[in-house]
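Below you'll find the structure, written out as structure tokens, and then a few comments.
Proteins come first, then strands; the chains are lettered A, B, ... in the order of their sequence lines, and each starts at number 1.
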There are 2 protein chains.
Amino acid sequence: MNNTRFATVIHFLTILAKSPDQWLNSDWIANSIQINPVIVRKELGLLQEQGWVISRKGKDGGSMLGVPSSKISLADIYKAVKNANVLGKKNLNPNPKCSVGKQVNTALDKLFTETDEVVCAALSHKTLKNFVEQFA
Amino acid sequence: MNNTRFATVIHFLTILAKSPDQWLNSDWIANSIQINPVIVRKELGLLQEQGWVISRKGKDGGSMLGVPSSKISLADIYKAVKNANVLGKKNLNPNPKCSVGKQVNTALDKLFTETDEVVCAALSHKTLKNFVEQFA
DNA sequence: TTAAATGTAATAACACTTGTTACATTTAAA
DNA sequence: TTTAAATGTAACAAGTGTTATTACATTTAA
């Protein structure tokens, strides 16, 4: 992860969790994190797909949480935005004529998967609710 | 990590570990992974700084492991190439006028650090020797 | 009917990664 | 002493991914 998507999305969810049952609009959310409102609407689309957020179009529209914050784990959030393995990418064309090149990606697949699972296991014990409780 | 550096570096180290006490040159290593030899020499520079690899310039030069493969943990390798937190980057300018914006990066610092430590703890139990033993 | 919101496409700006060329320097061996 | 073959490294190019921005069709409450 070399991007801000996890930080951005958990920021949104925290704001929504702190104002339950209120329609917050993308300009307001964008202002809290000082990023572009179009990015906000794109990421909110992802959160809607997950069923975590409900949005309403039109005048006085906006977004709110669709499930209790205790039902969203940080592992769920991570999986929703993750676009690479923790240990990065594999090289695409290791040389099959070399004994290491021939087998390395199988070994790395195993290691990369195990490492990702360690992260998910650790994050699965934490919920959005726990995270939000840190905020005054 | 959205790059191939971990995969690349562990590939090098595996090759060097399989041919102890031989000077392997960067063209040979590059060919095994099918990447550019200049990248190989750059990354080998990093491994030299760590004390893991010794290189010799000039005719019949090359590189070899400088320590036993059992002394290099995968956590050490990860730390040497890591350039971002597991959960990515924080947003640079959250709005201090917003109660979430004001506190979010402190909360994220803690979470990001904890998550990185989980990965390092898991990788610290694995050594380069363990990894190399998978190769016929 | 209108004002204000979402959804989304297209594109630009920026940053990071990887590849490539070139060459000075080093060093073992002929 | 010369030479061939290697590293080390700078400069630049190409490719990829991220984030910002503009524009606008669509939706909807008031």
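- Each of K89(B) and I35(B) has a nearest nucleotide on DNA chain C; the 5'-most of these lies closest to K89(B).
- The shortest distance between the side-chain N/O atoms of S55(A) and the OP1/OP2 oxygens of dT6(C) is not below 4.0 Å.
- Going from atom CG of D27(B) over to atom C1' of dA6(D) covers 9 Å, rounded to whole Å.
- The distance between atom CG of L44(A) and atom C1' of dG7(C), rounded to the nearest whole Å, is 11 Å.
- Heavy-atom minimum distance, S69(B) versus L128(B): O-CB, 3.4 Å.
- One interatomic measurement links the two molecules: CG of N3(A) to C1' of dA15(C), which rounds to 13 Å at whole-angstrom precision.
- Rounded to an integer number of Å, the gap from L92(A) CG to dG15(D) P is 15 Å.
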For this session: List the steps, then state whether side-chain contact (heavy atoms from CB on, under 4.5 Å) holds for T113(A) with D116(A).
Result: CA-CA 5 Å; T113(A) 300; D116(A) 287 358; 5.8 Å; no
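- Using a 4.0 Å heavy-atom criterion, one finds that Q48(B) contacts the sugar-phosphate atoms exclusively.
- At a threshold of 4.5 Å between non-hydrogen side-chain atoms, the residues V81(B) and T8(B) do not count as touching.
- Whole-Å rounding puts the I39(B) CD1 to dT20(C) C1' distance at 9 Å.
- Checking T127(B) against N130(B) by side-chain atom types alone, a donor-acceptor pair falls below 3.5 Å.
- For F6(A) and dT19(D), the CZ to C1' distance is 19 Å, given to the nearest whole Å.
- Checking side-chain atoms of N95(A) against main-chain N and O of G101(A) turns up no donor-acceptor pair under 3.5 Å.
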Problem set entry | Heavy-atom protein contacts under 4.0 Å, nucleotides 21-30 of chain C, coded B base, S sugar-phosphate only, - none | BB---BBBS-
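- Across all non-hydrogen atoms, the minimal contact from C120(B) to A75(B) is O-CB, 3.5 Å.
- Between the P atom of dA30(D) and the CH2 atom of W23(A) lies a distance of 12 Å, rounded to the nearest Å.
- Residue contacts for T4(B): at a heavy-atom cut-off of 4.0 Å it reaches the sugar-phosphate backbone alone, with no base atom in range.
- The minimum heavy-atom distance linking M64(A) with Q22(A) is given by the pair CB-O, 3.4 Å.
- Contact annotation for N83(B): backbone-only contact, meaning every heavy-atom pair under 4.0 Å involves sugar-phosphate atoms and none involves a base.
- In K102(B), the NZ atom is not crowded: 12 or fewer heavy atoms of neighbouring residues, nucleotides or ligands sit closer than 6.0 Å.
- Comparing atom distances between the K42(B) side chain and each of dT20(C), dA20(D), dA6(D) picks out dT20(C) as nearest.
- In DNA chain D, the stems built from three or more successive Watson-Crick or G-U pairs (distances below 3.5 Å) are C:1-30 with D:1-30.
- Atom CE in M1(B) sits roughly 15 Å away from atom P in dC16(C) (whole-Å rounding).
- Residue N2(A) is in sugar-phosphate contact alone, with no base atom involved, counting any heavy-atom pair closer than 4.0 Å across all strands shown.
- Interatomic distance, N2(A) CG to K89(B) NZ, rounded to the nearest 0.5 Å: 5.5 Å.
- Salt bridge D76(A)/K71(A): absent, no basic N to carboxylate O contact under 4.0 Å.
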